[in-house]
*Asks:* 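Starting off with a structure, shown below.
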Number of protein chains: 2
Amino acid sequence: MEKKIKPCTENEEILKQRFLALRDTLDLLNGKWRFCILLNLHYYEKLRFKDFFEVSEGISPKVLSSELTTLEAHQLIKKKLEHTPTQDITYYMLTEHAGEIWTVLNTLIEFGLSNRKEVIKSLSD
Amino acid sequence: MEKKIKPCTENEEILKQRFLALRDTLDLLNGKWRFCILLNLHYYEKLRFKDFFEVSEGISPKVLSSELTTLEAHQLIKKKLEHTPTQDITYYMLTEHAGEIWTVLNTLIEFGLSNRKEVIKSLSD
DNA sequence: CATCTTACTTTCCTGGAGGTTACTAAACAC
DNA sequence: GTGTTTAGTAACCTCCAGGAAAGTAAGATG
């Protein structure tokens with residue numbers, strides 16, 4: 001490239017780190033069901049395995065299982081056993097760490113909402 | 001479902017809208033190259049078609065072309081013709097609207113960075 | 001002890017995102 | 001007028017996320 005592309009001031013190593021960080025976050029939120037599970041857990045506080053089939057209509061047990069495993073591995077959700085006289089029930093809940101991702105999701109939602117307004121506006125032009 | 005899942009206060013219709021908004025935003029940022037293109041445009045201000053092959057190593061012309069088209073359709077980037085005495089050059093640039101997505105990307109990056117620290121910390125335990 | 005529910009796992013399959021390569025059309029360079 | 005660069009498009013292929021359906025194991029229920 002004979003004619004260098006003009007870079008802005010930011011240091012290249014930092015830029016690279018930021019690329020990776022963004023990649024990480026998107027990988028974490030991508031997929032059809034992940035964020036859906038997180039939003040529902042935020043909304044309902046705790047859910048059992050079977051509950052997800054009601055609140056996330058269309059998800060299959062295989063996919064649910066693997067998504068829950070992934071989210072747990074990333075410490076965004078956790079299992080909690082509740083002991084009743086007759087049986088133990090496994091619930092899924094958000095972790096404290098998920099509080100952070102909640103602010104992230106809100107940012108994405110706000111953008112989505114304002115973007116939708118934008119699109120509707122530009123369609124009416 | 002005999003035993004209703006306990007909902008929090010938020011109205012269901014609003015929740016649904018927020019789901020859709022989040023879906024929209026993630027769809028917009030997903031994919032292997034989209035955000036990469038946006039970050040590079042932010043960094044370099046303007047890029048030609050061929051430039052992307054240097055800054056986004058590994059992207060193919062087919063994919064680049066389709067990603068640029070999508071981003072343009074969503075009004076995050078725009079083409080700009082620059083006239084020199086000898087020829088016209090097509091540049092791609094961010095739109096004003098992309099300013100908003102820039103704050104979104106920053107939020108995602110910040111989460112990714114702090115999350116990475118978190119992971120490193122928990123590995124050392 | 002037979003059946004139901006819950007919480008999964010296993011196997012198999014498909015659509016589509018993204019890669020590879022080659023092609024084209026226009027402008028420029030020599 | 002022959003090669004080179006730019007800005008794509010077209011045809012084809014591959015891999016894997018996610019879906020469908022069935023199976024399993026453990027406890028509750030009757």
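Chain letters run A, B, ... following the sequence lines, proteins first and then strands; every chain starts at 1.
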*Asks:* Considering the terminal five base pairs at each end of the helix from dC1(C)-dG30(D) to dC30(C)-dG1(D), what angle separates the two local helix axes, rounded to 10°?
*Replies:*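 End-to-end axis angle: 0°.
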*Asks:* Less than 4.0 angstrom from a charged side-chain N to a carboxylate O is my criterion; do E82(B) and R48(B) meet it?
*Replies:* no
*Asks:* Would you call the rings of H97(B) and F111(A) parallel, tilted or perpendicular, where under 30° means parallel and over 60° means perpendicular?
*Replies:* parallel
*Asks:* Within the side chain of T25(B), is there an N or O that forms a donor-acceptor pair under 3.5 Å with the backbone of L108(A)?
*Replies:* yes
*Asks:* What orientation do F35(A) and F19(B) show, parallel under 30°, tilted 30 to 60°, or perpendicular over 60°?
*Replies:*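 The rings of F35(A) and F19(B) sit tilted, inter-plane angle from 30° to 60°.
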*Asks:* Classify G58(A) by what it touches in the nucleic acid, base, sugar-phosphate, or nothing, heavy-atom distance under 4.0 Å.
*Replies:*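 G58(A): no heavy atom of the nucleic acid under 4.0 Å.
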*Asks:* Using 0.5 Å steps for rounding, measure from the CG atom of L68(A) to the CD atom of E72(A).
*Replies:* 8.0 Å
*Asks:* Using OP1 and OP2 only, check whether a side-chain N or O of W33(A) sits under 4.0 Å from dG19(D).
*Replies:* yes
*Asks:* Which of the following nucleotides, dG19(C), dG19(D), dG27(D), is nearest to the side chain of K32(A)?
*Replies:*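 Taking heavy atoms from C-beta onward, the closest nucleotide is dG19(D).
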*Asks:* What is the distance, rounded to the nearest whole Å, between atom CG of L64(B) and atom C1' of dG8(D)?
*Replies:*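 Rounded to whole Å, this separation is 9 Å.
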*Asks:* After noting the C-alpha distance and the side-chain angles of L47(A) and V55(A), does the key distance pass the side-chain contact (heavy atoms from CB on, under 4.5 Å) rule?
*Replies:* CA-CA 9 Å; L47(A) 291 170; V55(A) 297; 4.0 Å; yes
*Asks:* Just how far is it from atom CG of L29(A) to atom NE2 of H74(A), taken to the nearest 0.5 Å?
*Replies:* 10.0 Å
*Asks:* Give the B/S/- string for nucleotides 8-16 of chain C, one per nucleotide from 5' to 3', where a protein heavy atom under 4.0 Å of the base yields B, of only the sugar-phosphate yields S, and otherwise -.
*Replies:* BBBB-----
*Asks:* Any side-chain N or O of K50(B) below 4.0 angstrom from OP1/OP2 of dA7(D)?
*Replies:* no
*Asks:* Strictly below 4.0 Å: does R48(B) bring a side-chain N or O up to OP1 or OP2 of dT6(D)?
*Replies:*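 For dT6(D), OP1/OP2 do not have a side-chain N/O of R48(B) under 4.0 Å.
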